[in-house]
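Just so it is clear, the model here is predicted, and its values are computed rather than measured. Computed from heavy atoms alone, side chains included, the values below leave out hydrogens, waters and symmetry copies.
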Amino acid sequence: MRDYYISLRSRNPVKKKPVCRGDLILSSEPFAHIINDHHLSEYCDYCFVSQEKKLIKPCKGCRVPWYCSEDCVRLGWDIHQYECHRLQRLANNVPPAFVRLLARIIFRLQVLVNRFCIFDDTMLSFGSGVFLAASIFDHACLPNCYVSFHGRKVHIRSLVDMPELNYDKLRICYIDPVASVASRMEDLHNKWYFWCDCKTCADKERANMESSILCGNRVCSNPVYIPEAYSHKIPSIECPKCQELVDKEKIKLYRQIVIFTKYHLNRMSEESPNLTECLEILERQGDELHPLNVWRVRTLDFAFNAAVHNGCWALALDYGDKNYEGMRYYYGENNPTFALFLFKYGKAKIYLKDFSEGVKLLDKAEPILKAGLGPMHPVVVDQLIPTNLLANEDINICLQRRMAILKKQEARKGKPVSQAA
């Protein structure tokens, strides 16, 4: 399959690697499977280990599939969760293996593993589709490729220079990386059936920053990591810099804030977030969260987009000022999503007559957007460039641009720019 896709993308057929006797050609887990009726109690329903090698026990709910460990119960639950309660109702009238296999195939097909969100010319999601060729790309929370859409076509562009085209090393991001590592892993596992092991998810320092509050010591602004995992016993946590102990009521309050934030953000559409609801979340968060706390950054991004959508440019500028470092931290400076933020942030500055700073932001966003979306993408041609031209209303910006054009012209001729110019 991989060689097939590569061949389609190149004019010359890819030279196939020689296959030797004993070479592993393909390694793949079953799309759906079932244990035959008369072997149900003899093999683990997930890993297929036999009762001769490990002790196996039936599912505590329906008692139809058998498992060798709690790990296999958990991993098998991806598909068994859809059938367990139904099998319980059937009790002693369990359908034959073939019927249960067909049911599992149907359950699997209801999950669109290769689904892509489809974006319009303004980068707003309006639908979803399955693109088989694009499914060759694996996931990374900080990817080296970017997905965009041009009409009915999906385009995937490289975000980095590579010595050679190697599809095994190309990565796109399946989810929004502005979420805690636990939330990202849960989301990926529930929708795509894998646990992410990318470098970003393995970064302990980043994970600590994602779930951090400000140190209670007024002279110390150090981030303090607060685990999101719920437990009745509130742990004792101290600031790693000043060693001041965090008040347990503050830890409890933080967890309540996170629950409140997640609940309200999940109810909102990223394409048209509710500004009033965003203000309620920010008010609830207060000054407790560190500026780089992932739930603070995500809420400010929702509020920023809601303000832009409603034409509240002064409010958008305020949120952009507060969230610039957070967006850069979580997306990276060369990510087109960060560049889209820069574009809207610069647009707010230009609309509020801060032409100089607005142009700097647009100039920073332009090469990133051209690399990730393509130079002729509507966001670049129909939005960014016309907005940039608005800066010509400022006489200083207009003169600076004319001077820059003159310098380029003189440089081509090999002549210095005269002082009179």
Side-chain angles (χ1 to χ4, degrees), residues 70-71 74-75 77-78 113 115 117 137-147 159 169-215 222-231 233-235 237-241 246 250-268 270 281 285 288-302 323 325-338 341:
E70 288 300 317
D71 284 340
R74 177 176 59 84
L75 294 169
W77 187 247
D78 282 343
V113 176
R115 181 181 66 88
C117 289
F137 292 88
D138 291 328
H139 163 83
C141 292
L142 285 182
N144 56 14
C145 295
Y146 195 77
V147 179
L159 297 179
K169 296 182 179 180
L170 302 182
R171 298 290 184 272
I172 61 176
C173 192
Y174 295 177
I175 57 173
D176 190 334
V178 186
S180 65
V181 61
S183 296
R184 294 198 309 270
M185 283 192 169
E186 183 180 3
D187 196 16
L188 289 166
H189 185 253
N190 288 341
K191 294 179 180 177
W192 287 276
Y193 306 105
F194 71 89
W195 298 102
C196 186
D197 60 354
C198 71
K199 291 181 180 180
T200 304
C201 288
D203 188 337
K204 296 298 182 182
E205 182 178 346
R206 184 186 178 96
N208 290 347
M209 186 64 74
E210 291 170 352
S211 182
S212 61
I213 62 172
L214 289 168
C215 177
N222 194 67
V224 180
Y225 168 65
I226 307 295
E228 287 185 16
Y230 179 81
S231 61
K233 184 178 180 181
I234 299 176
I237 299 173
E238 65 177 26
C239 174
K241 185 177 181 180
V246 179
K250 192 170 185 178
I251 298 174
K252 184 178 179 181
L253 174 62
Y254 171 73
R255 289 179 170 174
Q256 292 172 348
I257 289 172
V258 170
I259 292 172
F260 181 86
T261 300
K262 285 183 178 181
Y263 172 76
H264 285 274
L265 290 182
N266 287 336
R267 292 190 344 158
M268 276 191 282
E270 292 191 42
I281 301 172
Q285 290 178 356
E288 299 294 330
L289 278 58
H290 188 272
L292 292 183
N293 179 289
V294 74
W295 302 116
R296 177 72 171 179
V297 172
R298 190 166 179 81
T299 304
L300 282 171
D301 187 39
F302 269 67
N323 213 29
E325 291 299 332
M327 294 295 285
R328 183 173 67 171
Y329 182 82
Y330 284 106
Y331 284 106
E333 288 192 332
N334 294 320
N335 190 297
T337 302
F338 176 61
F341 165 78

Pair D176, Y331: side-chain N/O donor-acceptor within cut-off below 3.5 Å =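 Yes.
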Side-chain contact test, heavy atoms from C-beta onward, threshold under 4.5 Å: evaluate it for [X] versus [Y] and give yes or no.
X	Y	value
R298	T261	no
E210	R184	yes
V224	K250	no

Report the C-alpha distance between Y174 and K191 in whole Å, list the side-chain angles of each, state the deciding distance to 0.1 Å, and finish with yes or no for side chain to side chain contact (heavy atoms under 4.5 Å, CB included).
-> CA-CA 10 Å; Y174 295 177; K191 294 179 180 177; over 6 Å; no
Can you list the steps and then say if F260 with I281 is a side chain to side chain contact (heavy atoms under 4.5 Å, CB included)?
-> CA-CA 8 Å; F260 181 86; I281 301 172; 4.2 Å; yes
Begin with the C-alpha distance, continue with both residues' side-chain angles, and end with the deciding distance and a verdict on side chain to side chain contact (heavy atoms under 4.5 Å, CB included) for F302 and M268.
-> CA-CA 9 Å; F302 269 67; M268 276 191 282; 4.1 Å; yes
Can you list the residues that meet the side-chain hydrogen bond (donor to acceptor under 3.5 Å, both in side chains) rule with T337, with sequence neighbours excluded?
->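 side-chain hydrogen bond (donor to acceptor under 3.5 Å, both in side chains) check on T337 returns Y146, N335.
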Counterpart residues, side-chain hydrogen bond (donor to acceptor under 3.5 Å, both in side chains), relative to Y254 (two or more places apart) =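 side-chain hydrogen bond (donor to acceptor under 3.5 Å, both in side chains) list for Y254, sorted by chain: S211, N293.
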Are R206 and Y329 in a cation-pi contact, defined as NZ or CZ under 6.0 Å from the six-membered ring centre and within 45° of the axis?
->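 R206 over Y329 ring: yes.
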Under 3.5 Å: donor-acceptor pair, side chain of [X], backbone of [Y]:
X	Y	result
D138	R171	no
Y330	L292	yes
N334	L159	no

Contact summary for V294 and A179, nearest pair of heavy atoms |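 Minimum heavy-atom separation between V294 and A179: CG2-N, 3.1 Å.
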Which distance, rounded to the nearest 0.5 Å, do you find between the SG of C198 and the CG of L188?
->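 Separation between the atoms: 8.5 Å.
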